[in-house]
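Presented below is the structure to which this report refers.
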There are 2 protein chains.
Amino acid sequence: MIGRLNHVAIAVPDLEAAAAQYRDTLGAKVGAPQDEPAHGVTVIFIELPNTKVELLYPLGENSPIKGFLDKNPSGGIHHICYEVEDILAARDQLRAAGARVLGDGEPKIGAHGKPVLFLHPKDFTGTLVELEQV
Amino acid sequence: MIGRLNHVAIAVPDLEAAAAQYRDTLGAKVGAPQDEPAHGVTVIFIELPNTKVELLYPLGENSPIKGFLDKNPSGGIHHICYEVEDILAARDQLRAAGARVLGDGEPKIGAHGKPVLFLHPKDFTGTLVELEQV
């Protein structure tokens, strides 16, 4: 079912500092900040040759990553995103296998303009998993 | 400096269950367990089309992931690994930029038979970063 690793998302307490570190210290290709109000985050994409790293910073009062940063003030890896061909088929198959889909189970449009869903971390070895239809 | 994302490592409390989940529920290509006594872990590689996920399980009394699993009993993302062309040059450049290299700073041979180093999570937005020379 899952295909490529689309991205690894890292929540950071200082977006400028993290971007500078990836650009200047690690020598990676770092994009410009993009506000994603529907997701409550500002995102910076780091393009690696085979996948992406996404730096996430809270946007607005109800950002879904605020709690994570409260618990992990230095930041940390927030989720991983796997690509699927058909997100509704993937959702139904995962539910039938007993996995919990977060929210109302209807895909939202993610930061890349594609439908996404999140799976419950307790069902996936403590890892928040995003599925993105490509 | 950094190239491809070589792998994302997930520490798991039950290696069999995690492997079955990736194989059967997520439909990924899951390898056989490999003991890595020098690193204190048993590893299962999951081959995705563009990178790997590594499931880590403690091996021996002094496993470096035991503390992580004590803190995160459901498991969780333990580290990410970026490829570099020259690990000693990368190490020296990172140290010059103020980043801390873990251990004695000398590369060890990692689970793929290549030289690896780990960078201090506090210097990289709370993320344990492994560098692997390819």
Starting at NZ of B:K52, measure out to CG of A:L5 and round the result to the nearest 0.5 Å. 12.0 Å

State, with a plain yes or no, whether a side-chain heavy atom of A:L26 is found less than 4.5 Å away from one of B:L94. yes

Against chain A, label B:I2 side chain, backbone, both or neither, depending on which of its atoms sit under 4.5 Å from a heavy atom there. both

Under 4.5 Å from any heavy atom of chain A, what part of B:F124 do you find: side chain, backbone, both or neither? both

Under 4.5 Å from any heavy atom of chain A - which part of B:A97: side chain

Non-hydrogen side-chain atoms of A:T25 and B:D123 separated by less than 4.5 Å: no

Between B:G76, B:G126, B:P121, who has the most heavy-atom pairs with chain A when the cutoff is under 4.5 Å? B:G126

Applying a strict under-4.5 Å side-chain criterion to I, L, V, M, F, W and Y, I'd like to know whether A:V30 and A:I10 cluster together. yes

Proximal component of B:A11, with respect to chain A [non-hydrogen, under 4.5 Å]: backbone

Go through the atoms of A:V53 and report whether side chain, backbone, both or neither lie under 4.5 Å from a heavy atom of chain B. side chain

Using heavy-atom distances under 4.5 Å, tell me whether B:N50 contacts chain A through its side chain, its backbone, both, or neither. both

For chain B, the option from A:D24, A:T125, A:L48 that forms the most heavy-atom pairs under 4.5 Å: A:T125

Looking only at A:I80, A:L128, A:L131, A:N72, the option with the highest number of non-hydrogen pairs under 4.5 Å against chain B is A:I80

